[in-house]
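Letters A, B, ... are given to chains in the order of the sequence lines, protein chains preceding strands, and every chain is numbered from 1.
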Protein chains: 6
Amino acid sequence: MKLIEYEDASAEVKAVYDDIMAKRKVDRVNNFWKALANDPVTMKRTWESLQQVMGAGELDPLVKELIYIAVSVTNGCEYCIASHGAAARNKGMSDAMFGELMAVVGMANETNRLVAGYRVPVDPQFQS
Amino acid sequence: MKLIEYEDASAEVKAVYDDIMAKRKVDRVNNFWKALANDPVTMKRTWESLQQVMGAGELDPLVKELIYIAVSVTNGCEYCIASHGAAARNKGMSDAMFGELMAVVGMANETNRLVAGYRVPVDPQFQS
Amino acid sequence: MKLIEYEDASAEVKAVYDDIMAKRKVDRVNNFWKALANDPVTMKRTWESLQQVMGAGELDPLVKELIYIAVSVTNGCEYCIASHGAAARNKGMSDAMFGELMAVVGMANETNRLVAGYRVPVDPQFQS
Amino acid sequence: MKLIEYEDASAEVKAVYDDIMAKRKVDRVNNFWKALANDPVTMKRTWESLQQVMGAGELDPLVKELIYIAVSVTNGCEYCIASHGAAARNKGMSDAMFGELMAVVGMANETNRLVAGYRVPVDPQFQS
Amino acid sequence: MKLIEYEDASAEVKAVYDDIMAKRKVDRVNNFWKALANDPVTMKRTWESLQQVMGAGELDPLVKELIYIAVSVTNGCEYCIASHGAAARNKGMSDAMFGELMAVVGMANETNRLVAGYRVPVDPQFQS
Amino acid sequence: MKLIEYEDASAEVKAVYDDIMAKRKVDRVNNFWKALANDPVTMKRTWESLQQVMGAGELDPLVKELIYIAVSVTNGCEYCIASHGAAARNKGMSDAMFGELMAVVGMANETNRLVAGYRVPVDPQFQS
């Protein structure tokens, strides 16, 4: 799939590009959006969903970025780690915070597997 | 592997059980530890590593639990979701926070795959 | 592992190369086969299995390619997405079909994780 | 998280339940929705997204269910395999089709890993 | 899918059951085969492939079982961990060997994620 | 994160670098360590854990490397496959052994998914 640049985009896609640039206060969109623009319906839905999900709520937007990175590292998505790593930096993630994030992600991946291998039964108090 | 109860444990394992119960202020250990007790070396190392990783630092212990859950959900580890869900509740996770956590985890898993499928190249500004 | 070119291949490997080229009506084999040629036994078994699995049956060969891509995207296998994306194009996959494929793959990855996180019990009518 | 039954649901949640039951022509909703009802915002977004994604388009709704199952099997989501397996059956999936689906999913998971292990470079003609 | 018992199986399936029981010197087959029997073509291919792959070669059959378990733990396949765990025990896996296997599997899952998160570039000497 | 070269490292990091080079009898450390050096606490813990886990025990160090590769291939970690592939070669892995390793890893990934898709129940004799 090719990346769709602003000048080659349909009016529908341009409207999403404009909204992204306005709300994020940037003057261009990332490759993720230029790729998704090949399917304007999914692009629009994804943009709307991300705004609903990643904004401030009970959890801080920075915490949400850390969670996003934790998932992306576990899935091995290099693009996502790079782009949300930058987003997290913009929202205040320090080197030390990143180090702690990685330490937790690493340990969780390790213990998740230990649990599977030892076939640990859920304790009665944790039963749903 | 069988779960090793306190009364059946070696002195080495009992010492770890005692330390877990003392530091967590509980009167028994979870099945995870009773299973790991089959390999005292890994058990001891894991307990020491978890204390180093999950304690207070630049990130709040609750935030670390949320990150832990995000990984465990992505890996589909039911035991880990259940036990760290309980730990997160103990550290202050509300229903609303859990809902937001799940929303971010869901979206990240979705967009991680969109990125892979569209083979989105890393933007120059995100290159390492 | 090095890629084994036709001229450097053993008779056993050449026979598989010839069969692939004849059945696919192409004049060279992909890197996948040149890599697998390092282990002729696995190469031969894989080629025979793929013919059995990917050919026409109750499911259309194009539908099988879409399923293949869905798995490859979920596993993050760039090579597989690229090569089977091309195969699917050859069998009739349009841009719109690819967009819908990605939308389903994205949603399934999202809802798979929501199910795990909320620990949703299987409904009685879906019990095996 | 508890499952929220219709009679205990808020008006907002009831409206989604009613819409699901009306559009799917069923008289109750699955546990997935009763669990997601703990977060009405995510529930509503997910229901709207699924309607957009899983309906008829360039791909047949049955093909979309097969793709959904392929992802769910790869992620090991038992609930999703069970519920979307039933949905696929309702849309015409035969035993033979299911068998072919599984054969493709199995082979794709095998060859995805062979590609990773042999570190197969993307062929020039498949470069994005 | 239902499990197909010997007495309900077709002649084609019975022949595979008989071969499994004869070669493994057991008087019944596991549920894996009874489930796969729903698709005799895949069942036969899988049985033939497993014999080719899991038998003695440059690697010891026990080592192959350990590798199988390592994959199954990483994928979180409880059935596979249970059945190949038993197979490994039959081939000589001790408690201590299982403990070391799990320790390696856990560490590899941890460091795999650290590598992803830190986006570690492949060293020149490891370039393919 | 940048790679931290020896001459730019803190005394704490240099001590770990020195220990790695001395014990592995090499004159430089891999990029993995140069990246982890951004978080000296995690770096030190990981180095100590790896020594405990990967050394000789009931399992041969080469077998441990094979297990490590099996996990890394399943997770799609290119760096880990490359670096531990080299380590395994140093410990005696032949081309034929690598081929057999990949064949097992491929089959396990395939059958893990068949088990999930067919929802195979654990046989009574394998119940924990």
Side-chain angles (χ1 to χ4, degrees), chain B residues 30-32 54 62-124 126-128, chain C residues 30-32 54 62-124 126-128:
Chain B
N30 293 345
N31 285 345
F32 176 65
M54 297 301 286
L62 172 55
V63 170
K64 292 185 173 184
E65 290 292 346
L66 300 179
I67 292 165
Y68 209 108
I69 294 170
V71 170
S72 302
V73 168
T74 301
N75 282 332
C77 179
E78 190 197 358
Y79 182 90
C80 316
I81 297 166
S83 61
H84 283 271
R89 294 279 176 188
N90 285 342
K91 291 177 183 166
M93 182 177 73
S94 65
D95 284 358
M97 290 167 75
F98 179 76
E100 294 186 13
L101 167 63
M102 283 305 103
V104 176
V105 169
M107 279 304 297
N109 274 286
E110 181 176 33
T111 55
N112 281 188
R113 294 354 182 168
L114 292 175
V115 162
Y118 280 96
R119 302 174 67 198
V120 185
V122 176
D123 298 80
F126 301 142
Q127 294 291 355
S128 57
Chain C
N30 293 344
N31 285 344
F32 176 65
M54 298 301 287
L62 172 54
V63 169
K64 291 185 175 185
E65 290 292 348
L66 299 179
I67 293 166
Y68 209 108
I69 295 170
V71 170
S72 302
V73 168
T74 301
N75 282 333
C77 179
E78 190 196 357
Y79 183 89
C80 316
I81 296 165
S83 61
H84 284 271
R89 294 277 175 189
N90 285 342
K91 292 178 183 164
M93 182 177 72
S94 65
D95 283 358
M97 290 167 75
F98 179 76
E100 294 186 13
L101 167 62
M102 283 305 103
V104 176
V105 169
M107 279 305 296
N109 273 287
E110 181 176 31
T111 55
N112 281 189
R113 290 4 178 161
L114 291 175
V115 161
Y118 281 96
R119 303 175 65 198
V120 186
V122 176
D123 298 80
F126 302 143
Q127 293 291 356
S128 59

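With a 4.5 Å cut-off on non-hydrogen atoms, B:Ala82 touches chain C through its backbone and its side chain both.
Counting only residues at least two apart or on different chains, no disulfide bond (SG atoms under 2.5 Å apart) pair has a member in residues 87-117 of chain B. The stretch residues 67-114 of chain B participates, sequence neighbours left out, in these disulfide bond (SG atoms under 2.5 Å apart) pairs: B:Cys77-B:Cys80.
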Donor-acceptor table for chain C and chain B, threshold 3.5 Å:
from, atom 1, to, atom 2, distance (Å)
C:Thr74, O, B:Arg113, NH1, 3.2
C:Thr74, O, B:Arg113, NH2, 3.2
C:Asn109, OD1, B:Arg113, NE, 3.2
C:Arg113, NE, B:Asn109, OD1, 3.1
C:Arg113, NH1, B:Thr74, O, 3.2
C:Arg113, NH2, B:Thr74, O, 3.2

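The two residues B:Val73 and C:Gly117 come nearest to each other via the heavy atoms CG2-CA, 3.7 Å.
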